[in-house]
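Single-structure report; data block below.
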Amino acid sequence: MIPFTRILALGAALLLASPAFAAERVELRIGDQKGNMRAQLEAADALRDLPYDIRWAEFPAAAPLAEALNAGAIDAGIIGDAPLLFALASGAQVKAIAVDKSDAYGTAVLVQPSSPLKSAADLKGKRIATGRGSIGHYVALKALVSAGLSEKDVEFRFLGPVDAKVALANGSVDAWATWEPYTALAELSGQGRVLVNGRGLSSGNSFLAATDKALADPSRREALQDYLSRLAKAQDWANRNLDSYSRTLAQIIGFPVEAARLQFERRQLRWQAVDAQTIAEQQDTADFYQAHGLIAGRLDVAPTFASGFVLPGAAQLTKTP
């Protein structure tokens with residue numbers, strides 16, 4: 001005969017295991033680019049005691065990450081301002097929940113070190129490799145405008161980072177419009193020289209963007225808020241512990257430590273809540289793309305930002321995550 005106490009224990013276990021009584025643990029599917037967020041979180045040991053699970057998906061560039069967001073294959077990801085606009089213009093049900101501000105130097109147009117090109121004006125008639133709708137594409141267009149040129153004065157070849165790097169090396173293109181960490185790697189390896197940097201051309205904004213479906217789920221939204229807080233603290237830690245962070249990042253992305261450090265150090269990244277200035281900068285980028293025929297109609301960017309997400313204060317940031 002089974003003891004009464006054991007019957008009670010078995011009954012309690014069955015109740016807890018039933019869907020009505022057991023709360024399913026949330027899994028966040030996070031899209032990253034070249035280990036960016038993951039490296040910071042791991043280096044800062046900021047993933048301890050997570051009340052949810054993370055399934056990472058790494059992408060070589062923003063375009064495939066945006067496609068994954070649009071398809072609902074991931075819940076959230078880090079994406080530059082220009083690729084986010086392309087995703088939204090194509091009807092993606094996605095919203096930005098926070099902005100990562102940076103120095104835009106490393107979003108640049110590169111040429112071979114021995115190239116005779118000296119300025120943006122020298123790009124006339126040349127072939128430029130970049131990703132369509134990428135932040136590299138945006139900076140290349142802005143560089144052309146700054147020199148009194150337009151996209152009609154050059155030949156764009158839309159390639160992913162790996163193929164674009166090869167194309168520049170073998171001379172099948174004259175320039176490569178790219179971003180970090182590829183810029184730092186090209187410079188330190190002697191394979192590229194910055195012809196035009198992004199300062200004054202790009203806002204330097206990247207976003208943590210999430211799907212509308214994830215934002216509408218209270219448990220996922222709560223997990224995203226926790227993730228954002230951990231990410232901001234980890235980034236602050238990385239800025240204060242460059243050597244340790246650079247080693248972790250280099251292992252994750254397969255780059256030399258020197259390149260990993262350079263690209264992060266000069267970006268001076270800092271997470272911020274979305275404000276009026278950020279929205280205005282994003283609107284300027286959208287209007288620029290429309291003027292150049294890359295977005296069919298005017299895109300009002302204000303509804304593409306989610307409200308209600310907060311970031312740690314200065315006192316919280318200085319604490320080890």
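Nothing fancy with the numbering, it's 1 onward along the sequence.
- Annotation for L208 and L228: closest pair CD2-CD1, 4.1 Å, computed over non-hydrogen atoms.
- The two residues A68 and F59 have their closest heavy-atom pair at CB-CZ, 3.7 Å.
- In summary, of the residues considered (T211, T304, D212), a side-chain hydrogen bond (donor to acceptor under 3.5 Å, both in side chains) with K95 occurs for D212 alone.
- Look at D243 and R247 and you find no salt bridge, because none of the NZ, NE, NH1 or NH2 atoms lies under 4.0 Å from a carboxylate O.
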Subject >> Steps toward side chain to side chain contact (heavy atoms under 4.5 Å, CB included) verdict (L41, L231) >> reply: CA-CA 6 Å; L41 289 161; L231 185 60; 4.2 Å; yes

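- Distance check, rounded to the nearest 0.5 Å: CD of E187 to CG of L262 gives 6.5 Å.
- For the atom pair CD (Q93) and CG (L69), the distance works out to 12.0 Å, reported to the nearest 0.5 Å.
- Not a single donor-acceptor pair under 3.5 Å links the side chain of Q112 to the backbone N or O of D174.
- Annotation: side chain of Q283 is in contact with side chain of R298 (closest heavy-atom distance under 4.5 Å).
- Within the 4.5 Å cutoff, side-chain heavy atoms of V194 are placed close to those of Y105.
- With contacts defined as side-chain heavy-atom distances shorter than 4.5 Å, the pair Y182/K165 does not qualify.
- A donor-acceptor distance shorter than 3.5 angstrom exists from the side chain of Y52 to the backbone of Y227, with no hydrogens or angles considered.
- Under the 4.5 Å side-chain criterion, counting only non-hydrogen atoms from C-beta, P256 is not in contact with L188.
- Between the CG atom in L110 and the OG1 atom in T130 there is a gap of 10.0 Å [rounded to 0.5 Å].
- One distance of note links CG of L299 with CZ of F86; it measures 11.0 Å at 0.5 Å rounding.
- A donor-acceptor pair under 3.5 Å links the side-chain atoms of R230 to the main chain of R48, judged by distance alone.
- Residue L149 is grouped with residue V111 when hydrophobic side chains (ILVMFWY) are merged at heavy-atom distances under 4.5 angstrom, including chains of intermediate members.
- Annotation for L201 and N197: closest pair CD1-O, 3.6 Å, computed over non-hydrogen atoms.
- Nearest heavy atom pair, residue W179 against residue G136, reads CE3-N, 3.8 Å.
- At least one side-chain heavy atom of L47 sits under 4.5 Å from a side-chain heavy atom of E42.
- No side-chain heavy atom of L144 sits less than 4.5 Å from a side-chain heavy atom of D153.
- Considering every non-hydrogen atom in both E281 and K101, the closest pair reads OE1-NZ, 3.0 Å.
- The side-chain heavy atoms of N70 and V94, taken from C-beta on, include no pair separated by under 4.5 Å.
- Salt bridge absent: D103 and R266 never bring a charged side-chain N and a carboxylate O closer than 4.0 Å.
- Less than 6.0 angstrom separates the ring centroid of F207 from the ring centroid of F305.
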Original post:
Where do K142 and S202 land on the side chain to side chain contact (heavy atoms under 4.5 Å, CB included) test, with the steps shown first?
Top reply: CA-CA 8 Å; K142 293 287 279 189; S202 170; over 6 Å; no

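- Here the shortest heavy-atom pairing between D100 and L269 reads OD2-CD2, 3.5 Å.
- Using modelled atom types, no side-chain atom of N36 and backbone atom of D32 make a donor-acceptor pair closer than 3.5 Å.
- In this structure a side-chain-to-backbone donor-acceptor pair under 3.5 Å is missing from R220 to V26.
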**OP:** Please assess D122 against L195 for the test side chain to side chain contact (heavy atoms under 4.5 Å, CB included), listing each intermediate value before the final yes or no.
**Re:** CA-CA 10 Å; D122 296 332; L195 179 72; 5.5 Å; no

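- For the pair R127 (side chain) and G171 (backbone), a donor-acceptor distance under 3.5 Å is present.
- Rounded to the nearest 0.5 Å, atoms CG (L224) and CG (D75) are 7.0 Å apart.
- Both L249 and L242 sit in one connected hydrophobic cluster of ILVMFWY residues. Membership requires side-chain heavy atoms under 4.5 Å apart, directly or through other members.
- N239 places a side-chain N or O within donor-acceptor distance of the main-chain N or O of Q235, the cut-off being under 3.5 Å.
- Within a 6.0 Å sphere centred on CD of Q272, heavy atoms belonging to other residues, nucleotides or ligands number more than 12.
- Considering CG of D284 and CG of D81, their distance stands at 10.5 Å, rounded to 0.5 Å.
- Using the six-membered ring where Trp is involved, F288 and H292 have ring planes that are tilted, between 30° and 60° apart.
- Ring orientation note: the planes of H137 and Y289 are tilted relative to one another, at an angle of 30° to 60°.
- For R261 (side chain) and A250 (main-chain N/O), no donor-acceptor pair under 3.5 Å exists by modelled atom type.
- Under the side chain to side chain donor-acceptor pair (under 3.5 Å) criterion, Q282 pairs with no residue at all, not counting sequence neighbours.
- When hydrophobic clusters are built by joining Ile, Leu, Val, Met, Phe, Trp and Tyr residues whose side-chain heavy atoms come closer than 4.5 Å, directly or via intermediates, V145 is grouped together with V196.
- At distances below 3.5 Å, at least one donor-acceptor pair connects side-chain atoms of S172 with backbone N or O atoms of A167.
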Subject >> Step-by-step side chain to side chain contact (heavy atoms under 4.5 Å, CB included) determination, W176 to I128 >> reply: CA-CA 5 Å; W176 173 24; I128 305 173; over 6 Å; no

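- Put simply, Y245 and I252 are part of the same group of oily side chains (I, L, V, M, F, W, Y) that touch within less than 4.5 Å, one to the next.
- The backbone N or O of A44 lies less than 3.5 Å from no partner atom in the side chain of Q40, so there is not a single donor-acceptor pair.
- Tracing side-chain contacts under 4.5 Å through hydrophobic residues (I, L, V, M, F, W, Y), one never reaches V301 starting from I97; they form parts of separate clusters.
- Under 4.0 Å is where a charged nitrogen must lie from a carboxylate oxygen, and between D217 and K213 no such pair does.
- Salt bridge absent: R25 and E27 never bring a charged side-chain N and a carboxylate O closer than 4.0 Å.
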